[in-house]
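Each residue takes its place number in the sequence, starting with 1. First listed ligand is number 1; within each ligand, the first listed atom is number 1.
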Amino acid sequence: MESKTENVETAHLAEPSVFLMDSYIEATKEFKSEGLYPELDLEDRAKNFPSYIEELKLHRTAPPEGLVPMTFFWLVNNNEYIGRVSVRHELNENLLRAGGHIGYDIRPSKRRLGYGKRILELALIEAKKLGIHKVLVTCDSTNIASRKIIESNGGVFENEMSLEEGLPNKLRFWISLT
Ligand SMILES: CC(C)(COP(=O)(O)OP(=O)(O)OC[C@H]1O[C@@H](n2cnc3c(N)ncnc32)[C@H](O)[C@@H]1OP(=O)(O)O)[C@@H](O)C(=O)NCCC(=O)NCCS
């Protein structure tokens, strides 16, 4: 693990890029080791990286059936992939109920350094550029870190939604961007 003194303030959002492939792959190995993306074949992803990047970019203008347009950004510090965030341009019924406008992940080896707060702060700037003035951000009721991230970025709690049996409830927060 890196030193705890790294400068989170220099982290910025960038468009997904082939130039970040090596650290993206390392980060994804970390996510896989905590059980995420079990189906993802990393060798295959690395082989087809340019088309993966193009696929991500297409979500902005031509999203897959049933999904709203969204923009993906990667959080980068010192030319290294730190995490990812997606900003959905609008809400459909499911997003309004549980998913919200913004979703983010920080790679396991870079957690508890302040990057979670930073990635939402930067994503809100992008949301404003997209013309979203009232942003819905949600988290599982069990996700203490995410709740802190949302509240430290101005999130005002609205309510708690129960989802299907076995899943934690979702907490819904609104952030005004005026
Ligand atoms: C949730 C997540 C984004 C947090 O990222 P992070 O970089 O560790 O967040 P930060 O370092 O900015 O920490 C924010 C706060 O949460 C606290 N925190 C972080 N991880 C924590 C944990 N596992 N348990 C309790 N508190 C935690 C931090 O101490 C900090 O608290 P403070 O405000 O009192 O200082 C990261 O754990 C993650 O990617 N998890 C998996 C995906 C996920 O849950 N995404 C969010 C979906 S809503």
message = Closer than 4.0 Å and a protein heavy atom, does any atom meet both conditions relative to atom 27 (C) of ligand 1?
response =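 So far as the 4.0 Å threshold goes, atom 27 (C) of ligand 1 is in reach of a protein heavy atom.
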Protein contact for atom 24 (N) of ligand 1 (heavy atom, distance under 4.0 Å) =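 Answer yes: something from the protein, a heavy atom, is under 4.0 Å.
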task = Could you name the option among R118, R107, R111, R112 that has the heavy atom nearest to atom 40 (N) of ligand 1?
result =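 Considering heavy atoms of R118, R107, R111, R112, the nearest to atom 40 (N) of ligand 1 sits in R111.
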From L36, D140, I149 - option closest to atom 4 (C) of ligand 1 by heavy atom =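 It is I149 whose heavy atom sits nearest to atom 4 (C) of ligand 1.
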In the protein, which heavy atom is nearest to [atom], and how far is it?
{"atom": "atom 34 (O) of ligand 1", "answer": "K148 NZ, 3.1 Å"}
{"atom": "atom 47 (C) of ligand 1", "answer": "Y104 O, 3.9 Å"}
{"atom": "atom 44 (O) of ligand 1", "answer": "N143 ND2, 2.8 Å"}
{"atom": "atom 32 (P) of ligand 1", "answer": "K117 NZ, 3.7 Å"}
{"atom": "atom 48 (S) of ligand 1", "answer": "S146 OG, 3.2 Å"}
{"atom": "atom 7 (O) of ligand 1", "answer": "G116 N, 2.9 Å"}
{"atom": "atom 42 (C) of ligand 1", "answer": "D105 OD1, 3.1 Å"}
{"atom": "atom 19 (C) of ligand 1", "answer": "A145 CB, 3.4 Å"}

query = Hey, any chance I102 and V156 share a hydrophobic cluster, counting ILVMFWY side chains that come within less than 4.5 Å of each other, even indirectly?
reply =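 In one cluster with I102: V156, no.
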Sub-3.5 Å N/O-N/O distance, I106 and ligand 1 =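 So ligand 1 has an N or O lying under 3.5 Å from an N or O of I106.
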request  = Flag G114 as yes when one of its N or O atoms lies below 3.5 Å from any N or O atom of ligand 1, and as no otherwise.
outcome  =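 It does: an N or O of G114 is found under 3.5 Å from an N or O of ligand 1.
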In plain terms, say whether [X] and [Y] are close enough for a salt bridge, that is, a side-chain N and a carboxylate O under 4.0 Å apart.
{"X": "R60", "Y": "E15", "value": "yes"}
{"X": "K110", "Y": "E6", "value": "yes"}
{"X": "K117", "Y": "E121", "value": "no"}

task = Indicate the atoms forming the closest heavy-atom contact of S86 with R84, along with that distance.
result =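 Taking S86 first and R84 second, the nearest heavy atoms are OG-NH1, 3.9 Å.
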ask   = At a non-hydrogen distance cut-off of under 4.0 Å, which region of T138 contacts ligand 1 (side chain, backbone, both, or neither)?
value =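 The backbone, only.
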ask   = Can you tell me how far CG of L42 sits from CZ of R45, rounded to the nearest 0.5 angstrom?
value =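 Here the interatomic distance stands at 7.5 Å.
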Atom [atom1] of residue position [X] - does it have more than 12 heavy atoms of other residues, nucleotides or ligands inside 6.0 Å?
{"X": "F19", "atom1": "CZ", "value": "no"}
{"X": "D44", "atom1": "CG", "value": "yes"}
{"X": "E34", "atom1": "CD", "value": "yes"}

ask   = With atoms numbered from 1 as shown, which atoms in ligand 1 lie under 4.0 angstrom from a non-hydrogen atom of L113?
value =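 Every atom of ligand 1 under 4.0 Å from some heavy atom of L113: 11 (O).
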request  = Using the salt bridge (charged side-chain N to carboxylate O under 4.0 Å, His left out) rule, take R172 and E160 through it: C-alpha gap first, then chi angles, then the decisive distance, then the call.
outcome  = CA-CA 6 Å; R172 298 169 72 256; E160 182 163 346; over 6 Å; no
